[in-house]
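First comes the structure, then the notes that go with it.
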Amino acid sequence: MNAPAEGIAFRLNGADVVAAPGETILEAADRLGVAIPRLCHTPGLRPDGNCRACVVEIKGERVLAPSCCRQPAAGMDVQSDSPRARHSQKLVVELLASDVAAKTYKPDSELDRWKRELGIGKPRFPSREQPSGDLSHPAMAVNLDACIQCTRCVRACREAQVNDVIGYAHRGAHSAIVFDMDDPMGASTCVACGECVQACPTGALAPAREAYLAATERRVDSVCPYCGVGCQLTYHVQGNAIRRVEGRDGPANRSRLCVKGRFGFDYVTHPHRLTKPLIRRDGVPKSADFVVDPANPLAAFREATWEEAMARAAGGLRAIRDAHGPHALAGFGSAKGSNEEAYLFQKLVRTGFGSNNVDHCTRLCHASSVAALLEGIGSAAVSNPVMDVLQADVVLLIGANPTVNHPVAATWIKNAVKGGTRLILADPRRSDLARHATWYLQFKADTDVALLNAMMHVIVAEGLADAKFVADRTSGYDELARNVAAFGPEAMEGVCGIPAATIREVARAFATSRGSMILWGMGISQHVHGTDNARCLIALSMLTGQIGRPGTGLHPLRGQNNVQGASDAGLIPMVFPDYQRVDNGEARAKFEALWGTALDPKPGLTVVEIVNAAYDRRIRGMYVMGENPAMSDPDAGHAREALAKLDVLVVQDIFLTETACLADVILPASAFPEKTGTFTNTDRTVQLGRQALEPPGEARQDLAIIVDLARRMGLDWTYAQPREVFDEMRRAMPSIAGITWERLERESAVTYPCENEGDPGQRVVFTERFPTPTGVAKLVPAGLIRAAEQPDAEYPFVLITGRQLEHWHTGSMTRRTAVLDALEPGPVVSMHPDDVAQLGVAPDGMVSVASRRGEVALYARADAGTPRGTVFLPFCFHEAAANLLTNPVLDPFGKIPEFKFCAVRVTAGGAAPERMGYDGPRSAQPAD
């Protein structure tokens, strides 16, 4: 590789070389292609220098130096292959190899490779007494007879992921890595991120399923299919099966993964996969309580050819359009599909169906955040990437639990705190990050505006606002200041439950720091006042000038892996791609010219509005791709009734989901590893996902299915490859116009805005102006609005819903993954231990949770982080669907339901929930 333009000149093995500033000798050698043994060192972890396999000889120095810890000095003469250095390297590796059992836990491990490179055969030294193994964890095996005590796992757990589970204990020959207080791994607080497995050079920590360690024939670089962090990964593939997954050095993860990214891949070969088109059997009725065992779809459906299924699907939708008009049809696209699929899906609805009735799960996640951001700063994009927390002085994290929902993003927050960043954590539920926070604000649920307005009151009253920024780059300050004047901390203390002195302290810290960054989640957005919550966060950032620089800004953490990209691509009812309004004549003319047809000028219906229209029979037909509204919509019983009333429901998916049970035609689609396409993460980074597997049976690529249906709806489409669609997207979307497919193939990731080819992409935006007509931000005051449904004597508890670490969204993928399902096999409700005791229920005993809309039975989990009078339900469990309980009332601006607050009753007892076939055999999995 080329030498750095500026650096330190020294000699390495007789050659004149230059090290980059801050590089160690080992890093310079790696860059220059000089191989130096190492076992305790790996990129991404702090150099430790404890194995001494990387020692080098430095002229004039008495002792050998560990090259992983030593930086070169100008004129230094270093030899890594001198007889003295090589003898020491070989001796160290041989001694370490003598401690390892003959059994192989990791094929071609780093230890094996260095033995081979150094010509080391069977060690001459006696082996130690080998410790026993630990197979107590579903995901990982502990093979201490392969441990060389390099401490890479300790650093990976404590310093990279900051989970603080793995330690180093005992003395002398009994020294060993331990979990918590020397507990079995399966009984420890391990979150199964697998960072230790990836770091281990010998297989002392390895996947529990030995088949996952078998040799593979190819590696495919791709992206994780779960949350919005967008971690890059590598699939290790044998035949048409993924054997294991490793993290890759991507811009968002730097090789880190979470439990889902590392172990949540074998759903693709689950026996429940749909492999042939299905048509509903004649005489099988649809109803809200209709359920089909996913292991036996032929009880309600019959197999069909693709020609028959597509003719039935397109013919039914076309007949409704022609008889009842274009507004009688609607489509739900997917935030798990690619950008290209989202773009074609919304184009099909707008040009083939003839209306803007298209939406996806963004309506259920951050729609209110998007509404507030578009109103306030003219863009719904994040201003800074998550990793900018490392450059922030203060981070305000509110209404989010990233250790569960965005685990790798949480690691950067924990790393930042270790580096001196002060964390303000504000949430009604105490999460794991509370132990890292400088201030933890456990405010009362539903009082976000009270807390945030009180903070702004302090900033205004004490003169802490950035007067120049406010004057130059905002409007509406006077009205905002008048509004927050009534929200003094003393007045709000009783409303939000946070002491006035604490409110003042955090407000001052946020306003006066050199860089304050705000991150938020759906605890902010999923309220009837979600838009007001987000307006307050925007105003807080603008008021203090904390935007437009590294380590500042606004970042709503996106939920699904491509909810950002799907929204960018126009998969929402009121805007075309790149957020160009459908009721804007200029924007509409642009897309009419690009797509060659007249377009509807009226914004379409949103998710819940579409479901309500289906219930009222105003919507007669729907096309649903990769979404599961029968599980994800609020008041799911009502949603299922509405879906059952449709004349035609076409579902395109990989499993028989709860929504597919109500379909007339089911089209078997491709899973994430079975397709190539682009995906945009929460940081605005467009990344290339590459196909690793072929779809099973007769299942087809999603893109091909959309194109086929469009042609049968009368559109003359000829798209054959994702890159053709991406090229059209570049013409439609100025934000990505400079990103070429070739560049993505070469670099894997490019951040937008990137308007011209060759542009590097902008990590930080809004540096000088905002994309509003005036170029300035609008400060919008917010008043106190309470949740639509408050607790009372009949329903005294507050219900909060959300996700679990081990499961994703409605569970259709993760509950069909062996490791993830083993870690969290059944539905639970988290309650304060005192509430559990008051009910007279033992931990893990059965309780029933009921609202005015429905009732579920599930297992009680004592959780001290859940406040008294509150219960938390994950919504991934079919057998205890949380959304049977939730309130469908909408935020008036974002049209998002109030998932985070409704009144429920909790009683002891209830029938154990039935899993409905999820326990089917995994015969297609690699055998142990």
Side-chain angles (χ1 to χ4, degrees), residues 1-90 92-93 110 113-114 116-118 150 152 155 159-160 199 201 221 232 247-256 385 387-388 390-391 415 419 550-551 743 746-751 758-764:
M1 297 177 65
N2 294 331
E6 296 181 4
I8 297 94
F10 74 108
R11 290 180 64 79
L12 179 61
N13 294 348
D16 292 324
V17 298
V18 178
E23 260 187 341
T24 63
I25 294 172
L26 182 59
E27 289 168 337
D30 284 346
R31 180 172 50 78
L32 296 164
V34 177
I36 300 177
R38 83 293 303 269
L39 286 167
C40 73
H41 176 77
T42 190
L45 297 180
R46 174 183 53 81
D48 209 32
N50 67 43
C51 78
R52 279 337 200 229
C54 71
V55 291
V56 295
E57 187 171 8
I58 300 174
K59 187 174 182 179
E61 296 191 4
R62 183 177 61 85
V63 298
L64 300 176
S67 60
C68 68
C69 299
R70 185 71 177 272
Q71 293 185 7
M76 181 182 281
D77 191 344
V78 179
Q79 285 189 297
S80 68
D81 59 357
S82 69
R84 184 182 175 207
R86 189 63 83 196
H87 174 77
S88 183
Q89 293 164 3
K90 293 175 67 173
V92 166
V93 172
E110 291 178 52
R113 291 202 302 272
W114 285 117
R116 186 170 61 248
E117 290 287 328
L118 296 171
C150 65
R152 273 159 63 161
R155 283 170 282 149
E159 298 176 19
D221 292 339
Q232 292 190 9
R248 190 159 58 102
D249 188 12
N253 66 311
R254 301 297 182 213
S255 300
R256 301 177 185 182
M387 211 176 290
D388 261 24
L390 296 171
Q391 301 181 64
N415 293 159
R743 183 177 176 184
R746 185 173 64 251
E747 301 178 14
S748 294
V750 182
T751 298
D759 287 353
Q762 299 179 41
R763 290 182 74 256
V764 179

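Count residues from 1 along the sequence.
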If the condition is salt bridge (Lys or Arg N to Asp or Glu O under 4.0 Å), which residues does [X] pass it with, not counting sequence neighbours?
X: R256; value: none
X: R52; value: none
X: E159; value: R46

Please round to the nearest 0.5 Å and tell me the distance separating atom [atom1] of [X] and atom [atom2] of [Y].
X: R86; Y: Q79; atom1: CZ; atom2: CD; answer: 11.0 Å
X: T24; Y: D30; atom1: OG1; atom2: CG; answer: 8.0 Å
X: H41; Y: E110; atom1: NE2; atom2: CD; answer: 10.0 Å
X: E57; Y: L64; atom1: CD; atom2: CG; answer: 6.0 Å
X: I36; Y: L26; atom1: CD1; atom2: CG; answer: 5.5 Å

Does [X] reach the side chain of [Y], with side-chain heavy atoms less than 4.5 Å apart?
X: R31; Y: E23; answer: yes
X: I58; Y: R70; answer: yes
X: P72; Y: V78; answer: no

Taking [X] for its side chain and [Y] for its backbone only, find out whether a donor-acceptor pair lies under 3.5 Å.
X: R763; Y: D388; value: no
X: Q89; Y: S80; value: yes
X: N253; Y: R248; value: yes
X: R152; Y: A199; value: yes
X: N415; Y: A160; value: yes

Shortest non-hydrogen contact from [X] toward [Y]:
X: R743; Y: V750; answer: NE-CG2, 3.5 Å
X: S748; Y: Q232; answer: CB-NE2, 4.0 Å
X: C150; Y: N50; answer: O-ND2, 3.0 Å
X: L39; Y: P201; answer: O-CG, 3.8 Å
X: F10; Y: A19; answer: CE2-CB, 3.7 Å
X: G7; Y: P21; answer: CA-CD, 4.1 Å

Next item on the list: Check step by step if side chain to side chain contact (heavy atoms under 4.5 Å, CB included) holds for R254 and M387.
Entry: CA-CA 10 Å; R254 301 297 182 213; M387 211 176 290; 4.1 Å; yes
Next item on the list: Only one of P47, C54, S67, P66 passes side-chain contact (heavy atoms from CB on, under 4.5 Å) with R38; say which it is.
Entry: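 Of the listed options, the one satisfying the test is C54.
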Checklist line | side-chain contact (heavy atoms from CB on, under 4.5 Å) partner of D81, chosen from L12, N13, V56, V34 | finding: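 In the set L12, N13, V56, V34, the residue that makes a side-chain contact (heavy atoms from CB on, under 4.5 Å) with D81 is N13.
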Margin query: Apply side chain to side chain contact (heavy atoms under 4.5 Å, CB included) to residues M76 and I25 and explain how you reach the verdict.
Written below: CA-CA 10 Å; M76 181 182 281; I25 294 172; 4.2 Å; yes
